[in-house]
There are 2 protein chains.
Amino acid sequence: MAVEGSEPRHVTIVDVARAANVAPSTASRALQESPRISDSTKRRVREAAHTLGYRPNRIAQSLRLRAGTLVGIIVPDVGVNFYSRFVKGAQDVLEHAGRQVLVLNTERQAAREKAALRTVLEHRVSGLLVATSGGSDEEVRIPTVYFDNLAPGRGVAHVACANREGVGILVDHLVGHGHTRIAYIGGPPTLTSGSERLDGFLGAVGRLRLQASAPVELADAAWSPGSAAAAMERLLALPEPPTAVVTSGDTIALGAMSACRRAGRRMPDDVALVSFDDPVYGELLDPPVTALGRSDVAMGKLAASLLLHALDAGTLGPPTEVRLPVELVVRRSCGCG
Amino acid sequence: MAVEGSEPRHVTIVDVARAANVAPSTASRALQESPRISDSTKRRVREAAHTLGYRPNRIAQSLRLRAGTLVGIIVPDVGVNFYSRFVKGAQDVLEHAGRQVLVLNTERQAAREKAALRTVLEHRVSGLLVATSGGSDEEVRIPTVYFDNLAPGRGVAHVACANREGVGILVDHLVGHGHTRIAYIGGPPTLTSGSERLDGFLGAVGRLRLQASAPVELADAAWSPGSAAAAMERLLALPEPPTAVVTSGDTIALGAMSACRRAGRRMPDDVALVSFDDPVYGELLDPPVTALGRSDVAMGKLAASLLLHALDAGTLGPPTEVRLPVELVVRRSCGCG
DNA sequence: CTGAAAGCGCTTACAG
DNA sequence: CTGAAAGCGCTTACAG
């Protein structure tokens with residue numbers, strides 16, 4: 001069973017040409033269905049290619065064509081649901097466009113982000129989809145779509161969800177339930193979503209004149225449930241604890257919910273909760289979470305489409321900014337039902 | 001700000017050579033730190049490369065070297081936690097070895113799996129990490145590590161967790177709590193983990209003489225919570241419903257738990273539950289789930305290491321099969337605490 | 001220590 | 001309709 005001796009060299013177009021008794025150039029054109037090649041020749045070449053098991057070498061094609069089919073995706077952490085589902089969506093539309101995806105992880109480290117950028121550039125990717133962690137400020141010279149965390153003025157497009165409005169919707173819903181002491185637990189305002197969502201909260205409570213009773217707590221940079229739980233505990237320890245809380249993301253909601261449970265507070269009776277980014281199985285949680293529907297897969301598809309568009313249109317003008325609309329999925333944690 | 005006119009051609013080694021006043025071959029060697037090049041020349045070349053912003057073209061390198069740095073990973077669905085975290089682990093060790101990862105999704109479709117295989121092969125990846133959905137039976141000619149779903153006799157290595165033993169541990173734990181009517185909800189036995197885990201359950205109840213009161217229900221091929229919930233409902237509708245249930249995976253546990261909740265059965269009092277594959281935030285669920293710790297990231301790292309090993313050792317002999325040990329994370333759903 | 005030449009596997013003007 | 005030649009950007013024997 002073991003493979004003996006030397007590597008069984010790959011079949012090349014020269015092999016195919018020889019087998020079909022034509023020149024390599026003719027074989028190449030035949031395989032490309034060029035109209036300039038006779039049907040009989042095409043058939044002969046195709047057969048030769050088939051029986052030899054010819055697989056074109058994309059490396060060679062890319063070099064010759066000075067353009068490959070690779071697209072780079074740089075994310076802070078593929079292990080995180082949001083990013084992996086974004087990749088899934090992007091991969092899907094890119095694949096259908098005959099492109100492949102090089103996924104690079106940065107672990108939210110600036111150095112790794114820079115290295116990732118260098119690497120994909122060396123691979124001569126046609127374009128890039130990136131969610132920066134704020135690491136690299138260099139302008140990239142190839143078509144780039146920034147998502148989640150935006151990079152003002154750079155790239156061909158930016159995509160994010162309607163962060164401010166989203167939080168506004170969440171606050172409004174809570175107010176509809178009669179809450180006036182509404183707290184917010186969010187990711188740090190260093191990156192786009194953390195900052196815009198916090199902004200949205202501040203804006204909403206301002207508009208509703210609720211500032212005085214609207215405490216804000218922040219989770220850590222990874223938006224970890226642990227740090228969110230600690231934040232929730234701080235809120236519960238307040239002299240006048242909030243009766244409802246808005247969380248800026250699924251993992252934060254999870255942490256907050258578990259903190260409430262440990263503290264013996266019933267949800268939604270003692271404290272209601274609504275969240276941005278529906279937890280992946282949000283309807284299975286106890287209570288089922290009222291949240292803004294996830295837009296990760298859709299965002300991936302959109303970002304990929306925008307990139308594809310820029311790729312064949314040629315990049316011109318300032319980046320377009322696209323905001324994905326959000327929609328409230330009403331379940332039980334808010335007090336409904 | 002818009003980029004004007006023609007593409008700004010990439011800087012090549014010829015440009016660097018010219019700037020440093022040496023031949024391209026010398027520039028190439030200098031950049032590779034060849035001992036045959038004088039220090040002064042090296043310095044000159046490095047400086048030229050730096051000021052010109054030279055980035056080697058990996059496409060060209062790969063073609064010339066007849067070996068690239070790409071590794072393919074083929075998974076049923078990157079959007080699923082298990083796979084995305086596997087990718088994260090694999091990516092990490094591969095990246096440290098100077099390799100990049102091409103991720104392909106199959107959506108559990110045989111046709112897409114075959115296409116994915118063709119694609120990565122055309123990219124001349126050095127090796128492959130694949131979780132088949134049973135789609136392709138063809139032997140792949142490059143070093144391949146199969147994971148999760150195994151392919152007997154093929155590839156350089158197989159990695160999976162200790163499925164049978166794992167379920168045995170789960171059953172034993174439930175028996176330790178005094179249960180005798182123990183049900184099982186699992187994925188279909190078509191692929192490795194579904195089949196081995198079911199096997200493990202059957203083996204355990206046989207060994208314990210519990211067969212008569214050990215109903216088995218199956219979820220769908222995607223192991224969806226919805227189908228698991230339906231399975232749980234069937235179990236609860238039994239004349240003598242089980243007092244405990246073993247689920248073969250995290251998503252199945254989630255579905256089963258929600259079905260119990262909807263049916264008004266308290267957990268673990270009315271029905272206890274233990275699961276394979278700890279849900280990602282299993283400790284935050286209500287009740288916190290007793291489960292076998294996840295080994296996805298570790299599995300990714302292991303699979304990548306095995307591949308790397310095969311890559312520099314050269315493939316010989318039959319595939320090694322590695323089983324990741326499992327460990328029980330005791331929490332509340334089983335009745336502990 | 002450095003350079004000229006060949007070649008990795010393709011594709012596309014350029015001829016015929 | 002088909003072929004011979006050049007070249008994408010590198011690296012590595014082979015000379016010197």
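Treat the numbers as computed from the prediction; the structure is a model and nothing was measured. Basis for what follows: all heavy atoms, side chains included, without hydrogens, waters or symmetry-related copies. Each chain gets a letter, A, B and so on, in the order the sequences are listed, and its residues count up from 1.
For A:Arg112, the salt bridge (Lys or Arg N to Asp or Glu O under 4.0 Å) criterion is met by B:Asp92, not counting sequence neighbours. Under the salt bridge (Lys or Arg N to Asp or Glu O under 4.0 Å) criterion, B:Arg55 pairs with A:Glu122, sequence neighbours left out. Taking B:Leu52 as the reference, B:Val11, B:Asp15, B:Val16, B:Ala19 meet the side chain to side chain contact (heavy atoms under 4.5 Å, CB included) condition, with sequence neighbours excluded. Under the salt bridge (Lys or Arg N to Asp or Glu O under 4.0 Å) criterion, B:Arg64 pairs with no residue, sequence neighbours left out. Partners of A:Ser84 by side chain to side chain contact (heavy atoms under 4.5 Å, CB included), not counting sequence neighbours, listed by chain and number: A:Asn81, B:Ser84. Residues passing the side chain to side chain contact (heavy atoms under 4.5 Å, CB included) test with A:Ala67, sequence neighbours excluded: none. Take B:Arg66 and apply the side chain to side chain contact (heavy atoms under 4.5 Å, CB included) test, not counting sequence neighbours, and it matches A:Arg9.
Judged by distance alone, the side chain of B:Asn149 and the main-chain N or O of B:Thr192 form a donor-acceptor pair under 3.5 Å.
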> Tell me, for nucleotides 9-16 of chain D in 5' to 3' order, what letter each nucleotide earns: B for a base near a protein heavy atom under 4.0 Å, S for only sugar-phosphate near one, - for neither?
Replying inline: BBBBBBB-
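Sorted by residue number, the members of residues 38-53 of chain B with any non-hydrogen atom under 4.0 Å from DNA chain C read B:Ser38, B:Thr41.
Note on residues 34-89 of chain A: pairs passing ring-ring contact (aromatic ring centres under 6.0 Å, His included), not counting sequence neighbours, are A:Phe86-A:Phe147.
For the strand DNA chain D, secondary-structure stems (runs of at least three Watson-Crick or G-U pairs, all distances below 3.5 Å) span C:1-3 with D:14-16, C:5-12 with D:5-12, C:14-16 with D:1-3.
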Do any side-chain atoms of residues 306-313 of chain A form donor-acceptor pairs under 3.5 angstrom with protein atoms, and if so which ones, sequence neighbours left out?
none

